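Single-structure report; data block below.
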Amino acid sequence: MAKQMHDTPMLDQLESGPWPSFVTGLKRLAKDNDMMVDLLGQLETSYETRKGYWKGGTVGVIGYGGGIIPRFTELKGDDGQALFPAAAEFHTLRVMPPPGMHYDTDTIRKFCDIWEKYGSGLIAFHGQSGDIMFQGCSTDNVQPAFDEINEMGFDLGGAGPAVRTGMSCVGAARCENSCFDEGRTMRMLVNNALDDMHRPALPYKFKYKVSGCPNDCMNSVQRADLATIGTWRDDMKVDQDEVKSFVAEKGRKYVIDNVITRCPTQALSLNDDDTLAVDNPSCVRCMHCINVMNKALSPGDDKGVTLLCGGKRTLKIGDLMGTVIVPFMKLESDEDFETLEELATEILDFFAENALEHERTGEMIERIGLVNFLEGVGLEIDPNMIERPRMNPYVRMDGWDEEASKWAERKAQ
Amino acid sequence: MSEPRMPIESGVPEMEPYLHPVLKKNYGEWAWHERLRPGVLRHVAKSGDSIWTVRAGTQRQMDLYTIRKLMDIADEFAEGYVRFTIRSNIEYMVGDESKVQPLIDKLNAEGFPIGGTGPSVSMISHTQGWLHCDIPGTDASGAVKALMDDLYDDFVKEEMPNRVRITTSCCQINCGGQGDIAINIQHTKPPKIDHSQVANVCERPSVVARCPVAAIRPAMVNGKPSLEVDEKKCICCGACFPPCPPMQINDPEHSKFAIWVGGKNSNARSKPTFHKLVAAGVPNNPPRWPEVSTVVKQILSAYKEDAKDWERIGEWADRIGWPKFFEKTGLPFTKYHIDNWRGGRSNLNASAHIRF
């Protein structure tokens with residue numbers, strides 16, 4: 001072991017400064033890991049030439065079609081041999097963490113031991129889609145490394161055109177704004193779709209993200225094909241004694257400037273006795289006042305979730321936010337969870353059958369229209385799904401009377 | 001030969017075995033929280049229990065020696081449990097307030113900054129870059145390390161108007177995601193095509209279909225099937241490169257950084273928003289990318305100076321108006337800031353609302 005280190009004058013400049021240095025970590029690994037010696041050589045070359053040198057390929061574990069990110073070096077000499085042969089294969093295993101990314105130290109130590117034995121010793125907590133990324137593995141070692149991780153009770157995440165690893169916030173485990181069991185929900189959604197995760201055959205990726213309240217700490221509205229966001233439909237809870245002490249401590253001006261006037265729907269008013277008046281029917285559950293006065297204000301008791309579909313980043317038609325497909329549903333009883341599981345399955349199946357290649361749910365909905373999507377998955381329209389009604393008159397509306405009577409029927413229910 | 005081992009398709013593991021006992025006991029029963037100092041939270045449960053959380057920044061890509069050190073700290077000072085945030089900060093939870101200061105002291109002594117809570121600049125969420133990605137225009141861990149060195153004070157203090165979430169991405173696919181400030185590679189020249197390779201490695205129809213502006217078409221070049229790009233239509237997005245690596249989009253000189261502001265996922269106050277272009281043409285200059293830091297610090301300093309409490313960067317720009325944003329940050333306003341993408345007219349000012 002302990003191959004001669006390459007000179008890395010560029011990377012060495014990332015060892016100074018107060019923030020923890022990954023370069024120092026890589027160099028420590030390289031003291032007794034040849035793969036890391038050569039990884040540093042290739043990375044230094046990238047810093048010099050400003051070019052990347054990895055290409056993908058096909059590496060997997062028996063029984064699965066995804067979850068490993070294969071990387072083979074393209075940095076080769078004229079003879080076709082890798083310039084940094086010990087890092088010529090540098091694959092990543094994506095492994096799904098427990099919901100909320102909680103760990104005991106024993107589990108992480110076991111991960112380290114496995115990765116010391118089979119890999120480069122480099123682990124990322126966590127990748128952008130929420131996986132533990134075991135980075136740097138030869139083709140031969142992928143299977144035994146996975147086997148040991150799998151025996152610990154951990155499973156591979158998603159890659160390619162597949163259901164991807166889900167994310168849920170810290171939620172009920174440590175947050176007073178939690179409106180449902182985020183961890184159970186994320187786990188149910190993903191574990192119900194493991195076949196579509198581990199055997200990639202969808203048009204493109206499909207992501208579940210779960211946030212316990214409208215602060216949406218998991219960025220689900222911007223990134224998830226199906227976003228589950230906690231909310232409540234009764235009145236927000238106000239502890240007027242705590243409101244009074246907050247006003248006494250911070251002053252009226254602070255409360256007016258930072259709470260009352262910042263309400264997006266003007267639903268708040270400070271009473272003469274320094275208590276708070278809330279116009280609950282106008283409240284949109286934005287969370288701002290609760291964030292500022294979290295001891296005095298809290299979500300109501302009749303909690304549930306809002307579902308949004310279609311969030312994604314640029315490719316191919318530009319950014320799309322998820323949009324509301326279910327304004328409110330309860331998520332407490334086993335039956336509630338079954339209802340969500342069935343709906344998620346409908347949506348995933350509809351996506352699998354109707355999206356074009358490399359099309360995300362948001363693009364599919366844009367192409368076919370929200371109404372067709374809702375009909376396809378068996379959801380009813382609701383005015384909470386729109387920002388404003390249609391502005392363009394170019395629409396055929398000869399079914400108006402029938403549709404208007406459906407509205408009357410729904411209202412009568 | 002023995003039977004191959006088939007995977008145990010166990011999926012996402014249960015959370016409960018990994019939860020700190022105080023979190024387990026009070027699951028779903030929390031009442032309120034406070035921030036005692038930057039990086040330290042106290043959550044109080046309805047049962048009366050308290051849990052103190054100490055948040056520390058990490059380098060995300062961690063060697064196992066660093067990880068074991070963090071676990072040693074958890075065993076000695078924090079009851080053997082940790083969790084990670086979405087931005088790769090590590091959180092230690094303790095049920096006894098007297099353990100908080102020794103834990104902070106130990107983490108600081110080992111070089112881990114305490115912070116990232118409340119109105120601070122938290123750790124940058126980032127991608128893989130040259131370390132592991134197959135299509136990167138730059139590095140991620142290195143650019144982030146350099147930038148966090150420069151923003152260290154803003155991580156360990158809570159002196160911003162509201163939280164600042166920064167992301168970086170090594171290509172325009174933007175895996176780093178939306179952010180108050182997003183720092184993304186932006187290619188400025190069409191791909192250079194290696195015509196000798198296209199027929200061997202690319203499925204040409206799917207490459208043609210991938211182009212957002214229909215600028216790619218099949219062509220015969222030097223007697224071999226290849227692709228050609230209408231360089232007048234090409235927007236240099238790089239979408240053709242992942243399915244067809246001979247469409248070389250990365251260029252050591254012409255792949256620059258663009259900087260975007262005002263992305264916000266939270267529903268608090270205003271609805272969620274996407275980030276907006278404010279600067280481009282910033283050189284891709286390893287190993288420390290100083291030009292990126294300069295622009296980010298210009299934006300942060302104007303924001304810190306001028307925004308109201310609780311205003312995120314995008315909300316601040318919306319209040320003062322974009323002309324003032326460019327004035328206060330000193331960044332040039334160009335024709336490239338005016339959207340001409342599909343639906344882009346909704347980003348124009350259709351009113352007489354003008355600030356003088």
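Naming convention: chains lettered A, B, ... in sequence-line order (proteins, then strands); numbering from 1 in each chain. The structure displayed is predicted, hence computed values, not measured ones.
Taking A:Phe180, A:Phe146, A:Phe111 one by one and counting their heavy-atom pairs under 4.5 Å with chain B, the maximum is reached by A:Phe146. Between chain B and the residues A:Cys286, A:Pro264, A:Gly17, A:Gly171, the largest count of heavy-atom pairs under 4.5 Å involves A:Cys286. Of all the listed residues (A:Met197, A:Gln42, A:Met133, A:Glu357), the one sharing the greatest number of non-hydrogen pairs under 4.5 Å with chain B is A:Met133.
Interface residue A:Asp195: only backbone heavy atoms are found under 4.5 Å from chain B. Neither the backbone nor the side chain of B:Cys237 comes within contact range of chain A; no heavy atom of the residue lies under 4.5 Å from a heavy atom of that chain. Looking at A:Lys55, only its backbone comes within 4.5 Å of chain B, counting heavy atoms on both sides. With a 4.5 angstrom heavy-atom cutoff, A:Val170 touches chain B via backbone and side-chain atoms both. When heavy atoms are compared at a cutoff of 4.5 Å, A:Ile69 approaches chain B by way of both its backbone and its side chain. For A:Glu151, the parts lying near chain B are the backbone and the side chain together; criterion is any non-hydrogen pair under 4.5 Å. With a threshold of 4.5 angstrom between heavy atoms, A:Arg313 approaches chain B through side-chain atoms but not through N, CA, C or O. For A:Leu43, the part sitting under 4.5 Å from any heavy atom of chain B is the side chain, from C-beta outward, and nothing else. With a 4.5 Å cut-off on non-hydrogen atoms, A:Ser16 touches chain B through its backbone and its side chain both. Contacts of B:His132 with chain A are made by both backbone and side-chain atoms, with heavy-atom separations under 4.5 Å. Heavy-atom distances place both the backbone and the side chain of A:Met218 under 4.5 Å from chain B. Both the backbone and the side chain of B:Asn285 come within contact range of chain A, each with at least one heavy atom under 4.5 Å from a heavy atom of that chain. Within the 4.5 angstrom heavy-atom criterion, only backbone atoms of A:Leu320 (N, CA, C, O) approach chain B. Interface remark: A:Gln135 contributes side-chain atoms only to the contact with chain B (heavy atom separation under 4.5 Å). With a threshold of 4.5 angstrom between heavy atoms, B:Pro245 does not approach chain A through any atom at all. Only the side chain of A:Arg71 comes within less than 4.5 Å of a heavy atom of chain B; its backbone N, CA, C and O stay farther away. Residue B:Thr138 does not touch chain A at all, counting heavy-atom pairs closer than 4.5 Å. For a residue to count as touching a neighbouring chain, one of its non-hydrogen atoms must lie under 4.5 Å from one of that chain's; by this rule A:His126 touches chain B with backbone and side chain alike. Contact annotation for B:Glu311: both backbone and side-chain heavy atoms come within less than 4.5 Å of a heavy atom of chain A.
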Side chain to side chain contact (heavy atoms under 4.5 Å, CB included) between A:Arg262 and A:Val292, worked out: CA-CA 11 Å; A:Arg262 307 298 272 279; A:Val292 181; over 6 Å; no
Pair A:Phe72-A:His91, ring pair (Phe, Tyr, Trp, His ring centres under 6.0 Å): steps then yes or no: CA-CA 8 Å; A:Phe72 297 92; A:His91 314 312; 4.9 Å; yes
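The line from CG of B:Asp150 to CZ of B:Phe155 is 15.0 Å long, rounded to the nearest 0.5 Å.
The aromatic rings of B:Trp260 and B:His275 sit tilted, their planes meeting at an angle between 30° and 60°.
Contact between B:Leu70 and B:Tyr92 at its shortest, heavy atoms only, is O-OH, 2.9 Å. Taking both residues in full, the closest heavy atoms of A:Leu189 and A:Tyr208 are given as O-CE1, 3.7 Å, listed atom of the first, atom of the second, then distance.
Other residues, nucleotides and ligands contribute over 12 non-hydrogen atoms within 6.0 Å of the CD atom of A:Glu15. Atom NZ of B:Lys46 sits in a crowded spot, with more than 12 heavy atoms from other residues, nucleotides or ligands closer than 6.0 Å.
Salt-bridge check for A:Lys51 with A:Glu74: failed, with every basic side-chain N at 4.0 Å or more from each acidic carboxylate O. By the 4.0 Å N-to-carboxylate-O rule, B:Lys69 lies too far from B:Asp63 to be salt-bridged with it.
Here the side chains of A:Lys27 and A:Thr24 are not in contact, with every heavy-atom distance at 4.5 Å or above.
Side chain of B:Asp309 to main chain of B:Pro161: no donor-acceptor pair is present (N/O by atom type, distance under 3.5 Å, no hydrogens or angles).
Residues A:Thr314 and B:Asn174 bring no donor and acceptor atom of their side chains to less than 3.5 Å of each other.
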